Every structure is written in structure tokens, then in C-alpha cells.
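Some notes on the structure that comes next.
The structure displayed is predicted, hence computed values, not measured ones. As the structure lists them, so they are numbered: ligands from 1, and atoms in each ligand from 1.
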Amino acid sequence: MKVKVNEDKCIGCGSCVSLTDAKVFDFNDDGLAYAKVDEVEVSDKEAVENAITYCPTAAIEEVK
Ligand code: SF4
């Protein structure tokens with residue numbers, strides 16, 4: 001599973017960073033989230049799916 005954050009939609013709320021314990025998402029210098037891993041670990045997959053579900057602006061996209 002690969003994910004990316006659409007910076008045009010992200011409002012920097014931090015939900016995805018918290019839900020993944022900053023293991024998958026972190027903030028860039030502009031205070032917006034980015035995906036810091038190329039491939040999501042299986043153990044983090046559920047947290048990432050929650051992050052996708054709960055992102056208030058639907059900024060997180062799974063890369064197929
Ligand atoms: Fe940005 Fe969505 Fe993450 Fe909030 S949950 S920081 S809006 S990508």
C-alpha cells in the first residue's frame with residue numbers, strides 16, 4: 001500500500017500524523033502533512049486506512 005497527501009487539500013490538522021504515531025505521516029516545513037514512507041508497513045495499514053477515513057478534507061489518497 002502506498003499513499004500520498006494532496007497538499008492542495010491538506011489543512012494541517014494533524015489527524016493523520018496522530019493516528020499513525022508519526023510513523024507514516026509527518027509535517028513538512030509548511031505545516032502540511034506528507035507521507036514519509038514509500039510503502040506502508042502491514043502493521044500500519046489499519047491506522048493509515050483510519051487516517052484516510054478521518055481526514056477532514058479527503059486529502060490522503062491511496063496510490064495504486
Ligand atoms: Fe492534512 Fe488530512 Fe492529515 Fe489533516 S488528516 S493533516 S487535513 S492530510
Leaving waters out, which protein N, O or S atoms fall under 2.8 Å from atom 4 (Fe) of ligand 1?
Cys13 SG

Under 4.5 Å between any side-chain heavy atoms of Phe27 and Leu32, yes or no?
no

Does Glu62 reach the main-chain N or O of Lys2 with its side chain, forming a donor-acceptor pair under 3.5 Å?
no

By number and element, which atoms of ligand 1 are closer than 4.0 Å to a non-hydrogen atom of Ile60?
8 (S)

For the NZ atom on Lys36, are there more than 12 heavy atoms of other groups (residues, nucleotides or ligands in this structure) within a distance under 6.0 Å?
yes

With rounding to the nearest 0.5 angstrom, report the SG to OH distance, Cys13 to Tyr54.
13.5 Å

NZ on Lys23 to CD on Glu41, rounded to 0.5 Å
8.5 Å

Step by step, would you call Leu19 with Phe25 a side chain to side chain contact (heavy atoms under 4.5 Å, CB included)?
CA-CA 9 Å; Leu19 285 169; Phe25 301 101; over 6 Å; no

